[in-house]
Amino acid sequence: MTLEAGDPAAPVTVLSGVDLDVPGGELLTLVGPSGCGKSTIFALVAGLVRPTRGQVLIGGVPVTGPALERGVVVQQHGLFPWRSARANVEFGLEARGVPGRARDRRARELLELVGLAGAEERYPYELSLADRQLVALARSLAFDPGVLLLDEPFAGLEARDRARLGAELVRVWRRTGKTVLLITHDLDEAVRLGRRVAVMTAAPGRIREIVDAGPPGRPRGPGRRRAAAGTCGACCAVRSRRPGNEGWRPRMADTTRLDERDGDVHWYDLPDDEAEEDWVSDEERRPEPQVRGGLLRVIAAVIR
Ligand SMILES: Nc1ncnc2c1ncn2[C@@H]1O[C@H](COP(=O)(O)OP(=O)(O)OP(=O)(O)O)[C@@H](O)[C@H]1O
């Protein structure tokens, strides 16, 4: 896609040749310097803006305007202050014509999904900023969107809240299987949460690189082990729970070696005698801090 904007006599190229393919069910993060066009991509996918050239396709269908199938969460949560958390979430269900009792039940389920069970009757002013964002997330899920678009939803929050909300988002993503596009200017967050990180450069905005930031999935039996155990550099975060051998272990095939300079993603074989229970969950297997550091340097270099 290309997007030109401003004075038609002297248009500004905001985005140039952006080509991004997000498989269904993926959590992709989009990072880039301020003004590179991240929010513009958000607006294009949300259907708020039409590209000058090219198109946005969701499931092969061109996006021609906003639709409930695309849930959006932005920095300003936009909750109705006169409605409780439950009633805010119910708003989405009202729009879909869900009858009262079912609405109430579903709103409670969604609040529970985002970790806010017990806060159903609180009003936005009674909730922390972070919890308001979670209500906004639950509300966008009420439309049962196939795609969830989040534009800097954690901006302005303290680091601890950002981390908590990020973990909640990953949990929600895992439980719902939604396709998630998360826009952030926080590189660490992008690497921590995204399975792939699309890195943009500015003027005009382009996708420069797509960096693999984590393993593609859980190991599911011997046949899949070989491919499923992705590592980032030397420090694939694999943890053993065998008594006497607990803790994180870097696991490398003999043929791979750490190359933090380019942040390559290496693959290795899991020894046959390794019981699958020894594997930590995909969530726990996120890159260790020093690997994240390597990826961050790669991304920072791309952005520069
Ligand atoms: N309709 C428009 N007319 C003119 N310029 C525009 C238009 N839309 C976007 N731009 C410009 O395109 C650039 C990209 O803006 P955008 O808000 O998408 O960037 P961003 O990466 O989200 O920035 P930030 O991280 O600061 O939020 C900016 O320089 C903006 O001023």
Side-chain angles (χ1 to χ4, degrees), residues 1-22 26-58 62-67 70-78 129-130 132-133 136-137 140 147-159 161-163 165-166 169 179-194 196-211 213 292 295-304:
M1 289 179 300
T2 291
L3 179 75
E4 291 168 351
D7 181 357
V12 177
T13 305
V14 178
L15 296 174
S16 173
V18 166
D19 186 5
L20 183 60
D21 187 10
V22 186
E26 173 167 4
L27 196 171
L28 182 116
T29 49
L30 184 64
V31 285
S34 186
C36 69
K38 301 183 291 297
S39 295
T40 305
I41 290 186
F42 173 93
L44 285 161
V45 181
L48 304 171
V49 174
R50 301 286 291 275
T52 314
R53 281 187 293 283
Q55 56 185 343
V56 178
L57 298 172
I58 296 187
V63 168
T64 54
R70 273 156 279 141
V72 296
V73 181
V74 295
Q75 186 182 351
Q76 302 301 330
H77 53 75
L129 270 180
R132 285 179 221 169
Q133 285 303 74
L137 176 60
S140 71
V147 178
L148 209 48
L149 303 170
L150 302 108
D151 189 0
E152 302 274 6
F154 314 139
L157 299 179
E158 288 180 11
D161 285 333
R162 290 183 80 102
L165 262 60
L169 176 66
T179 307
V180 179
L181 176 63
L182 170 68
I183 292 170
T184 175
H185 66 269
D186 183 329
L187 300 191
D188 188 59
E189 190 167 271
V191 168
R192 240 181 330 106
L193 305 183
R196 290 187 307 153
V197 182
V199 188
M200 292 187 70
T201 50
R206 287 196 171 88
I207 307 275
R208 268 294 295 279
E209 196 157 329
I210 297 190
V211 177
R292 289 222 305 274
L295 286 168
L296 293 180
R297 282 197 292 282
V298 172
I299 293 171
V302 170
I303 289 175
R304 240 190 339 263

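These values consider heavy atoms only, across backbone and side chains, with no hydrogens, waters or symmetry-generated copies. Numbers for residues simply follow the sequence, beginning at 1. Whatever order the structure lists them in is the order used to number ligands and atoms, beginning at 1.
A distance of 8.0 Å separates CD of E189 from CD of E152, quoted to the nearest 0.5 Å. Note that CZ of R53 is 12.5 Å distant from CE of M1, once rounded to the nearest 0.5 Å. Between atom CE of residue M200 and atom OG1 of residue T40 there is a gap of 7.5 Å, rounded to the nearest 0.5 Å. Atom CG in L181 sits 9.5 Å away from atom CD in E26 (nearest 0.5 Å). Distance check, rounded to the nearest 0.5 Å: CG of L27 to CG of L148 gives 9.0 Å. Interatomic distance, T29 OG1 to L150 CG, rounded to the nearest 0.5 Å: 11.5 Å.
If you check which protein heavy atom lies closest to atom 27 (O) of ligand 1, you get S39 OG, 4.0 Å. Remark: minimum distance from atom 10 (N) of ligand 1 to any protein heavy atom is reached at V14 CG2, 3.7 Å. For atom 19 (O) of ligand 1, the closest non-hydrogen atom of the protein is G37 N, 3.2 Å.
Where the criterion is an N or O separation shorter than 3.5 Å, residue side chain and backbone included, G35 meets it with respect to ligand 1. For ligand 1, none of its N or O atoms has an N or O atom of E152 under 3.5 Å away.
Relative to atom 26 (O) of ligand 1, the option among P204, S34, G32 with the closest non-hydrogen atom is S34. Nearest to atom 16 (P) of ligand 1 by heavy atom, out of T40, L30, T13, is T40.
Neither the backbone nor the side chain of H185 comes within 4.0 Å of ligand 1, counting heavy atoms alone. When non-hydrogen atoms are compared, ligand 1 lies under 4.0 Å from the backbone of P33 (N, CA, C, O) but not from its side chain.
Side-chain contact between T184 and R162: present, with at least one pair of heavy atoms (C-beta onward) separated by less than 4.5 Å.
Distances from atom 31 (O) of ligand 1 to the protein include no heavy-atom value under 4.0 Å.
Residue contacts with ligand 1: A203 is excluded, as none of its non-hydrogen atoms falls under 4.0 Å.
Near A5, meaning under 4.0 Å from any of its heavy atoms, are these atoms of ligand 1: 1 (N), 2 (C), 3 (N), 4 (C), 7 (C).
Between the side chain of T52 and the backbone N or O of E4, at least one donor-acceptor pair lies under 3.5 Å.
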